[in-house]
**Q** 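Take this structure, written in structure tokens, and hold onto it; I'll ask about it next.
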Amino acid sequence: MGFFDAGDFDIETGLNINVVQNFVHTWGVFRMMRDQTFVDHTQRYVELHRPDGTPDMLQFIEHGTMQLVAQARSSATWRKRSPTRYWITTTTWATRH
């Protein structure tokens, strides 16, 4: 369980979804409270071995979710469903899964 290397830019969305789902499941079962990573999104700064008060597992889930949303925005067709709801259609995802 874990994310891929920074150089793995061609990993399919489904594989990334599986990683995030594994983190969510692990959090739901074990509630691991380990905090050894400082993350500041506004400054785009991460420091290891510096707690910031948020469990690392939740930061992994957040990071993976943000990556999936960014991937969907860059490669999917967004269609307006109502004033406040949007949904995504991707040919690749629908045909492979």
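All values derive from a computational prediction rather than experimental measurement.
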**Q** How long is the gap from CD1 on Ile61 to CH2 on Trp27, to the nearest 0.5 Å?
**A** 7.5 Å
**Q** About how many Å separate OG1 of Thr37 and CE of Met57, when rounded to the nearest 0.5 Å?
**A**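 These two atoms lie 11.0 Å from each other.
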**Q** If you look at every heavy atom in Pro55 and Met32, which pair is closest and at what distance?
**A**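 Closest approach of Pro55 to Met32, heavy atoms only: CB-O, 3.7 Å.
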**Q** Once you round to the nearest 0.5 Å, how far does NE2 of His63 lie from CG of Leu68?
**A**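 It is 9.5 Å, given to the nearest 0.5 Å.
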**Q** Within the distance-only criterion (no hydrogens, no angle test), does the side chain of Asp52 pair as donor or acceptor with the backbone N or O of Val39 below 3.5 angstrom?
**A** yes
**Q** How long is the gap from OG1 on Thr26 to CZ on Phe60, to the nearest 0.5 Å?
**A** 11.0 Å
**Q** Side chains of Thr54 and Asp35: does their closest heavy-atom pair fall under 4.5 Å?
**A**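 The answer is no; the side chains never approach within 4.5 Å.
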**Q** Would one find more than 12 heavy atoms of other residues, nucleotides or ligands at under 6.0 Å from atom NE2 of His41?
**A**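 Above 12, so yes.
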**Q** Would you call Asn16 and Val20 a side-chain contact if the rule is heavy atoms closer than 4.5 Å?
**A** no
**Q** First locate atom CD of Gln36, then atom CG of Leu48, and finally report the distance between them rounded to the nearest 0.5 Å.
**A** 9.5 Å
**Q** Do the non-hydrogen side-chain atoms of Val46 and Phe38 ever get within less than 4.5 Å of each other?
**A** no
